[in-house]
Amino acid sequence: MEKVVIIGSGCAGLTSAIYTARANLEPLVLTGAMPGGLLTTTSIVENFPGFSKGIDGTELMVEMQQQAERFGAKIQFGSTVEAIDFSGQPLKLTVDGKEVETQTVIIASGAGHRHLGLESEAKLEKKGVTYCATCDGALPMFRDQPLVVVGGGDSACEEATYLTRFASKVYLVHRRDELRASKIMAERTLANDKIEPVWHSEVIEVMDVEQDKVTGVKVRNNQTNEESTIDCAGLFIAIGHIPNTQLFKGVIDMDDAGYILPKRGQETNVTGVYVAGDCSDHVYRQAITAAGQGCAAAIDAERYLASLDQ
Ligand code: NAP
């Protein structure tokens with residue numbers, strides 16, 4: 001039987017792995033379909049402390065993985081959990097058709113960016129299409145250029161406001177004429193001279209006149225059906241996230257949007273099951289906060305296991 005199984009291999013999961021491995025608990029890490037998590041989809045990470053020149057997202061995650069392995073973490077690549085039975089001890093997981101028994105589980109399954117679902121969006125990802133202004137906004141390709149943000153929630157407003165530091169202008173494309181964001185955030189955004197709202201509009205195509213580089217977006221006004229093009233160097237898509245928690249529905253407490261609600265610290269409502277990172281955090285969603293929660297979840301799990309030995 002395992003002592004610790006970690007579901008997910010982003011910043012939260014791998015930090016849990018480093019801490020539990022160093023506590024000699026030989027954690028089993030199930031990487032899921034995207035080893036390294038969402039950070040591997042960004043280019044350079046400039047805000048993770050300790051890297052004054054920035055570090056490539058994938059490189060950072062490989063470093064974390066090797067650090068965990070060095071202390072005895074067992075990384076099972078590509079493995080996803082198909083079913084869970086948390087009705088008692090041991091906790092049971094079905095992984096690649098086989099049952100795994102464990103004393104504790106750390107859920108660090110992350111969240112995915114909601115996509116517009118356009119072919120051109122997928123083609124130009126990392127080439128001007130991005131899902132994280134904090135990660136990518138300061139890149140040279142976006143400096144002093146017009147940029148487009150899609151969405152009307154707090155994330156879109158926050159991203160648009162953040163991007164005004166770098167961009168010559170930010171167009172905020174929203175499908176309605178009223179922002180979903182909190183009142184204060186919406187007011188602040190609309191009062192910003194550098195932000196121009198584009199109401200009742202939907203992005204229907206990302207353009208790359210210069211091959212492999214965003215040069216503009218085509219939008220359609222959903223009231224008039226009129227199409228127009230906005231010239232821009234980048235498209236920041238901020239239309240929400242989808243936590244990867246479907247598997248735990250009905251067993252682990254979560255809010256209506258599917259974010260896991262910890263009971264105390266990183267503990268969930270099920271004894272021996274802990275949570276960390278984006279699958280439970282829709283507020284901060286940073287690599288460093290996920291890592292911090294991963295550390296806390298590992299310490300919680302370690303203390304629980306120690307209490308069983310007493
Ligand atoms: P959100 O509140 O769900 O907003 C998503 C926005 O994207 C909505 O305006 C929605 O339009 C739009 N949208 C969704 N699907 C779309 C599509 N396919 N095409 C075009 N537009 C689409 O998501 P969020 O902004 O990421 O915020 C998530 C949670 O985190 C919220 O509770 C928010 O308050 C919180 N948050 C807080 C802060 C903060 O306090 N600093 C910062 C960021 C996020 P409609 O409005 O028409 O539905």
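Numbers here are sequence positions counted from 1. Just follow the structure's listing: the first ligand is 1, and inside any ligand the first atom is 1.
- Partners of Asp300 under the side chain to side chain donor-acceptor pair (under 3.5 Å) rule, at least two apart in sequence or in another chain, do not exist in this structure.
- Atoms of ligand 1 found under 4.0 Å from any heavy atom of Arg176, numbered from 1 in the order shown, are 45 (P), 46 (O), 47 (O).
- Checking Leu116, Ile184, Asp154 against atom 36 (N) of ligand 1, the nearest heavy atom belongs to Asp154.
- Among residues at least two apart or in separate chains, side-chain hydrogen bond (donor to acceptor under 3.5 Å, both in side chains) pairs with a member in residues 95-104 are Ser79-Asp96.
- Nearest protein neighbour of atom 21 (N) of ligand 1, counting heavy atoms only, is Ile239 CG2, 3.5 Å.
- When hydrogens are left out, the protein atom nearest atom 25 (O) of ligand 1 is Ser155 N, 2.9 Å; that is the closest non-hydrogen contact.
- The shortest N or O to N or O distance between Gly152 and ligand 1 is under 3.5 Å.
- Within ligand 1, the atoms closer than 4.0 Å to a non-hydrogen atom of His174 are 9 (O), 11 (O), 45 (P), 46 (O), 47 (O), numbered from 1 in the order shown.
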**Item:** Worked verdict on Thr245 versus Leu247 for side chain to side chain contact (heavy atoms under 4.5 Å, CB included)
**Value:** CA-CA 5 Å; Thr245 56; Leu247 186 69; over 6 Å; no

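- With a 4.0 Å heavy-atom cut-off, ligand 1 is reached by no atom of Glu202.
- Below 4.0 Å from some heavy atom of Gly240 lie the following atoms of ligand 1, by number and element: 23 (O), 26 (O).
- Heavy-atom proximity to atom 20 (C) of ligand 1, evaluated over Arg285, Arg114, Arg175, is greatest for Arg175.
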